[in-house]
Amino acid sequence: MSEPLVEFDDVLTRYEPVIGLETHVELGTESKMFCGCATTFGAEPNTQTCPVCLGLPGSLPVANAAAVESTIRIGLALGCRIASWSRFARKNYFYPDIPKGFQTSQYDEPLCTAGHLDVEVDGETYRVEIERVHLEEDTGKNLHVGGATGRIHGADHSLVDFNRAGIPLVEIVTRPVPGAGAKAPEVARAYVTELREIIQTLGASDVRMEQGSLRCDVNTSLAPTGSLEWGTRTETKNVNSLRSVERAVRYEMRRQAAVLDAGGRVLQETRHLHEDTGSTSPGRSKEEATDYRYFPEPDLVPLAPDAEWVEKLAAGLPELPAARRTRLQQEWGLSATEMTWLVNAGALGLVERTVAAGASPADARKWWLGELARRSNDAGVELTELAVTPAQVAELTALVAEGTVNDKLARQALDGVLAGEGDPRAVVQARGLAVMGESDELGAAVDAAIAGAPDVVAKVRGGKVQALGALVGAVMRTTRGQADAATVKRMLEERVLGG
Amino acid sequence: MSDLTALSVVELQQALSAGETTSVEVTRAHLDRIAAEDGALGAYLHVDGEAALRRAGEIDAAGTAGTGLAGIPVALKDVFVTEGVPTTSGSRILEGWRPPYDATVARRLKDAGTVLLGKTNMDEFAMGSSTENSAYGPTRNPWDHDRIPGGSSGGSSAAVAGRLAPFALGTDTGGSIRQPAAVTGLVGHKPTYGSVSRYGLIAFSSSLDQAGPMARTVLDAALLHEAIGGHDPRDSTSIDAPVPTVVEAARRGAGGDLAGLRVGVVRELGGDGAREGYDAGVLERVAEAVALLEGAGAEVREVSCPSFGLALPAYYLIAPSEASSNLARFEGMRFGIRVGDDGTRDIDEVMALTREQGFGPEVKRRIILGTYALSAGYYDAYYGQAQKVRTLIDRDFTAAFDDDVDVLVSPTSPTVAWPIGARVDDPLAMYAADLCTLPASLAGVPAISVPCGLSEGLPVGLQVMAPALADDRCYRVAAAVEAALGAPLTDRLAERAA
Amino acid sequence: MSSEPTPDTAAHPALDRQDIAHLARLARLAVTDEELDRFAGQLGAVLDAVAQVQRADVADVVPTTHAVPLTNVLRADVATPSLPRDAVLAGAPAAEDDRFRVPRILGEEA
Ligand SMILES: [Mg+2]
Ligand SMILES: [Zn+2]
């Protein structure tokens with residue numbers, strides 16, 4: 001792990017990176033790709049298995065219609081050509097988590113080809129070409145036992161759970177992306193972020209990287225600046241967070257530059273990212289190159305989506321994230337930068353729903369990027385994980401707007417909401433947070449303040465009107481912020497000056 | 001009642017529904033015969049007499065015996081998975097395995113009320129034409145115990161010919177129902193590919209495998225075919241069409257009238273200039289059978305199918321290729337035996353040792369051949385090319401059926417049953433046994449083998465091939481041959497034994 | 001499906017012991033030395049025979065990979081009962097903690 005590394009900025013003085021991404025997405029279907037087993041995450045080991053997904057002798061696959069449709073919809077959302085003739089193929093290799101001795105995948109006849117996805121980094125748009133989108137099945141899960149780390153190396157034996165085996169998996173492969181230069185790591189991250197959002201919008205998957213329902217293989221190569229040929233690429237496997245996608249590219253650029261600087265050759269190999277250090281290390285190389293002996297799966301018949309089917313799926317696509325962002329930016333009158341902040345904060349959807357619940361776009365943004373961002377930051381959770389709904393935030397803004405509470409009281413009401421005390425209006429009621437009107441109670445507080453500070457009163461009456469502020473402060477203190485400051489000021493003026 | 005094992009299925013149905021016998025009696029008669037004869041024949045790999053009698057008792061108690069196939073005993077080739085009943089596919093690698101589910105055809109026979117007598121021997125993973133490739137020892141031909149019963153469904157053929165079962169299921173990938181039927185004097189039918197479910201049939205070559213009936217008479221075979229046929233949503237290659245009316249066709253054909261039926265004799269399969277490797281006696285019997293068809297009113301002509309000569313090389317690339325992939329799941333991790341897992345070996349070594357000791361030589365040869373044919377750099381020249389040849393063979397069938405004839409005929413097997421051991425060390429000689437049956441397999445069309453006499457005292461079969469989904473034509477023609485010959489050929493075996 | 005160059009169709013390469021050993025490794029078969037010799041001989045003869053397919057004139061011929069003229073055979077996305085776990089593990093050569101127990105894995109996932 002103590003490999004030599006070149007400073008990142010230094011890499012760019014001599015080399016041009018090319019990146020590529022292979023993303024696997026587990027579809028959120030009810031049943032598996034080729035059998036009726038359920039797909040519930042976290043079920044007891046081997047309770048969602050049957051002869052088909054266990055690869056028992058004699059069992060046969062039947063393809064899941066919803067998985068095929070989801071794949072086509074993802075292809076359409078990425079601007080792909082949808083094949084009118086497509087087939088499954090067997091990818092033959094031995095591994096304990098593939099029950100049949102082959103993975104049912106697609107090879108030279110994928111469902112979707114030739115799409116693209118535009119991503120934005122620092123105001124600049126990068127086009128990522130999509131080579132193919134194909135449908136396959138997930139593997140089982142190996143648990144390594146013995147040895148210190150629970151890792152494959154040093155393990156004594158392994159235990160296999162086939163609940164995940166056969167869950168439909170869509171693989172999205174980009175073409176190599178040149179020309180991103182120093183932005184390559186961020187482009188990689190932006191691509192996965194955008195892809196994730198598209199798939200989420202389609203409802204095709206919950207795309208939870210931490211649960212492995214979206215996994216990324218990141219390819220990186222370097223070529224000397226100006227060179228016509230691309231360098232040898234490495235493939236960093238199973239990167240499972242957005243941050244790690246960026247880090248994997250960054251690290252590989254620095255490492256490969258050091259190898260090349262020293263006159264060495266970058267090996268074409270798979271590498272593993274270490275989440276703790278952000279470094280990568282080589283996978284165990286095989287003595288012999290793998291020969292998958294692909295051939296068309298004879299147990300499945302071809303997929304031949306006709307134009308009518310594809311058109312129907314296209315017509316049913318929801319508004320995609322990019323279009324939605326453009327629309328909202330216009331509707332809310334935001335600048336491109338403001339929009340970027342909103343998106344980067346992960347608050348776009350929340351603000352949108354808050355606006356839909358009646359808040360003004362400005363108020364909604366103020367809350368989510370301000371107070372709520374602070375709270376999520378303090379708690380170390382995502383905005384979406386805060387125990388407050390957009391509708392509740394909208395209610396808070398309404399309470400302020402109608403003068404029932406001021407900003408400070410509204411924040412106290414939020415405390416109550418987050419503590420599970422109910423909706424804002426109910427919290428205001430229960431905690432007695434409403435702003436005090438010109439009541440006897442407030443009058444008494446004002447009188448008390450006047451009586452308690454004769455020197456200040458004298459100053460005010462002597463012409464130092466701004467000294468009134470100290471009296472306002474005193475009233476606000478005794479009313480614990482519940483009074484409206486303007487009201488208090490007016491009452492003080494009446495009683496000190498006007499009286 | 002006289003010997004219940006001598007009755008046909010149709011006769012058993014009549015006796016059962018007339019109350020002249022019971023399913024328990026019929027079952028016991030067969031179990032007794034198995035106990036007496038199977039030591040010498042080796043037709044069965046697994047028999048559970050108690051379970052069979054219990055099942056027969058249930059059918060008797062329900063009062064359904066004799067309706068349809070209820071109460072009739074049946075044997076299944078050990079390639080079909082049967083819930084809770086040992087299933088080996090003739091391989092050591094599955095020794096002791098009891099599947100947690102039923103093959104669709106096994107389930108259908110269960111639902112029809114049949115009584116499972118047992119699982120029959122076979123060439124390991126259906127790879128072979130002699131049943132000598134079984135890990136559990138060879139099966140012998142009831143006509144001559146020193147000869148092979150054909151294969152790979154040789155346990156089923158021996159069981160039915162030897163009256164150890166009234167009828168049985170086999171599977172046919174390149175001839176594994178038809179050839180054993182031919183060399184034991186049975187009727188055996190390979191249905192149209194896709195017309196009988198493959199779910200629960202342990203795959204040898206997925207694009208070729210098909211389950212079908214083996215029986216002593218054409219009508220019995222048709223009854224079994226009808227019980228197992230039809231669409232199965234668990235098999236993606238299953239055709240959603242009604243089962244061809246095979247029972248009706250068998251009855252109609254027995255009337256002996258084939259007026260107007262156009263029959264093509266395939267020149268390339270034992271015809272002029274293509275007789276090398278064929279027994280003269282086989283060709284004579286087949287010629288006589290063709291004459292019988294003519295006598296029944298059929299118009300006979302010779303038809304050339306020039307690509308049939310390439311069926312054998314194409315088949316021996318396609319089948320091993322698919323097999324090399326289908327058999328990858330047998331690695332000792334989830335079911336079956338595991339060898340060498342002593343804590344010192346890694347998983348690759350254990351898988352390799354398990355497969356080394358679990359598979360026999362023919363299976364290994366085919367896995368290696370198939371691995372080669374699919375490997376990078378050779379795919380186009382071997383597997384890809386073979387699939388194109390398959391198209392040529394399909395075109396020959398289409399041309400014949402579209403223009404000239406209603407059915408094609410040929411010998412089923414070029415020779416009669418050969419002595420055990422004669423071809424074990426010569427794979428090519430063994431493969432030549434499938435010469436006539438391979439074209440129909442590659443094209444997915446139905447084909448039946450019907451007995452047409454003896455040569456050297458051993459059975460000879462006539463093969464009748466028809467267009468896809470026209471299985472009824474096979475039965476009709478076969479029934480006419482059977483009727484013209486008088487009695488089931490196996491009756492002569494019974495006479496000989498008596 | 002491979003787009004690799006095809007070998008010279010006039011003379012296919014013979015399979016020697018080394019080729020057989022490589023193929024056997026790919027197929028996870030621990031063949032003995034004796035088997036290597038025997039298979040090399042037998043497979044050589046078989047290969048000579050099957051290589052005849054290369055003599056066929058197949059220009060413009062589409063390969064037949066599916067014997068049935070079916071497309072789009074799909075099932076509705078409905079969950080159906082799985083096997084009971086006892087039945088799942090009953091046939092396993094080794095099980096532990098409700099999972100299939102397998103020997104130590106050396107290589108990474110392909
Ligand atoms: Mg993949
Ligand atoms: Zn399943």
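A, B, ... follow the sequence lines: proteins, then strands. Residue 1 opens every chain. Side chains are part of it too, since the values below use all heavy atoms of this structure and drop only hydrogens, waters and symmetry mates.
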Among A/Asn92, A/Ile98, A/Thr29, A/Leu56, residue most engaged with chain C (heavy-atom pairs, under 4.5 Å): A/Thr29

Closest non-hydrogen atom pair, A/Ser105 against A/His134: OG-NE2, 3.4 Å

Cation over ring face, A/Lys91 and A/Tyr294, 6.0 Å, 45°: no

Contacting moiety of A/Leu300, where chain C heavy atoms sit under 4.5 Å: backbone

Between A/Pro298, A/Ser86, A/Cys35, the one whose heavy-atom pairs under 4.5 Å with chain C are most numerous: A/Cys35

Region of C/Val78 that comes under 4.5 Å of a non-hydrogen atom in chain A: backbone

A/Val68 portion near chain C, given a 4.5 angstrom heavy-atom threshold: side chain

Toward chain C, the part of A/Cys53 with a non-hydrogen atom under 4.5 Å: neither

Residues that C/Asp19 engages under salt bridge (Lys or Arg N to Asp or Glu O under 4.0 Å), provided they are two or more places apart: none

Pairs of heavy atoms under 4.5 Å with chain C: top-ranked of A/Ser158, A/Gly101, A/Ala65: A/Ser158

Residue pair A/Ala89 / A/Tyr107: nearest heavy atoms and the distance that separates them: CB-CB, 3.7 Å

Verdict with supporting geometry, A/His274 and A/Ser281, side-chain hydrogen bond (donor to acceptor under 3.5 Å, both in side chains): CA-CA 8 Å; A/His274 302 277; A/Ser281 64; 2.7 Å; yes

Heavy-atom pairs under 4.5 Å with chain C, option from A/Phe94, A/Trp85, A/Phe162 with the top count: A/Phe94

Residue pair A/Glu137, A/Thr104: steps toward the side-chain hydrogen bond (donor to acceptor under 3.5 Å, both in side chains) verdict: CA-CA 6 Å; A/Glu137 58 181 341; A/Thr104 307; 3.2 Å; yes

A/Pro45 versus C/Arg85, closest heavy-atom pair with distance: O-NH1, 2.6 Å

A/Thr234 versus A/Glu269, side-chain donor and acceptor atoms under 3.5 Å: no

Contacting region of A/Pro168 [heavy-atom separation from chain C under 4.5 Å]: neither

Distance-only donor-acceptor check, side chains A/Ser84 and A/Asp306, under 3.5 Å: no

Within the 6.0 Å centroid threshold, strictly below: A/Phe102 and A/Phe295: no

Under 4.5 Å from any heavy atom of chain C - which part of A/Gln103: neither

Interface residues of residues 92-102 of chain C facing chain A - heavy atom cut-off under 4.5 Å: C/Glu96, C/Asp97, C/Asp98, C/Arg99, C/Phe100, C/Arg101, C/Val102

Interface moiety of A/Phe34 toward chain C, non-hydrogen atoms closer than 4.5 Å: backbone

